[in-house]
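Quick caveat, the model's predicted, so the values are computed rather than measured.
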Amino acid sequence: MHRFRSIRGNHDRVCSRGLWGSSRHPDYFFRCLHWLAYLPLAWLAPVVVTCSLLRGAGVPRREAQLIGRKKGYAEYMRSTNELIPGRCREV
């Protein structure tokens with residue numbers, strides 16, 4: 001577009017070459033594409049945090065401590081869902 005505008009006499013003409021030959025607003029297209037690139041990161045962060053809490057240092061470490069300190073905690077673990085609230089499982 002810069003090259004097109006720099007040619008004398010093109011200031012009131014329509015550029016239909018290059019990207020402007022296939023899109024009237026390629027700048028907006030690339031702006032949308034830029035923001036869409038953040039979607040994988042937006043989904044990846046909660047997945048990583050959840051996995052690290054459930055299988056990393058969060059839940060396993062805490063439950064290992066509680067089994068040693070609280071009588072009946074092992075039974076509680078067998079009868080209660082680990083994370084998502086819901087119906088209790090049968091023992």
Heavy-atom side-chain proximity of [X] to [Y] below 4.5 angstrom:
X     : Y     : result
Ile84 : Asn81 : no
His25 : Trp20 : no
Lys70 : Tyr76 : no

Check for a donor-acceptor pair, side chain of [X] on one end and backbone N or O of [Y] on the other, with a separation under 3.5 Å.
X     : Y     : value
Ser22 : Leu19 : yes
Ser52 : Val49 : yes
Asn10 : Phe4  : yes

To the nearest 0.5 Å, how far apart are [atom1] in [X] and [atom2] in [Y]?
X     : Y     : atom1 : atom2 : result
Leu53 : Glu82 : CG    : CD    : 10.5 Å
Ile7  : His2  : CD1   : NE2   : 10.5 Å
Ser6  : Met1  : OG    : CE    : 11.5 Å

Parallel, tilted or perpendicular: which fits the ring planes of Tyr38 and His34, with parallel below 30° and perpendicular above 60°?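 Rings of Tyr38 and His34: perpendicular, over 60°.
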Specify the closest pair of heavy atoms between Arg13 and Gly9, including all atoms of both residues, with the distance to one decimal.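 That closest heavy-atom pairing would be CD-O, 3.3 Å.
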Cationic N near anionic O, under 4.0 Å, Glu63 to Arg78: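 Salt bridge between Glu63 and Arg78, a charged N being under 4.0 Å from a carboxylate O: no.
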Can you get from Val59 to Tyr73 by hopping between Ile, Leu, Val, Met, Phe, Trp and Tyr side chains that sit under 4.5 Å apart?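 In one cluster: no.
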Apply side-chain hydrogen bond (donor to acceptor under 3.5 Å, both in side chains) to Gln65 and list each qualifying residue two or more places apart in sequence or on a separate chain.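 Arg62.
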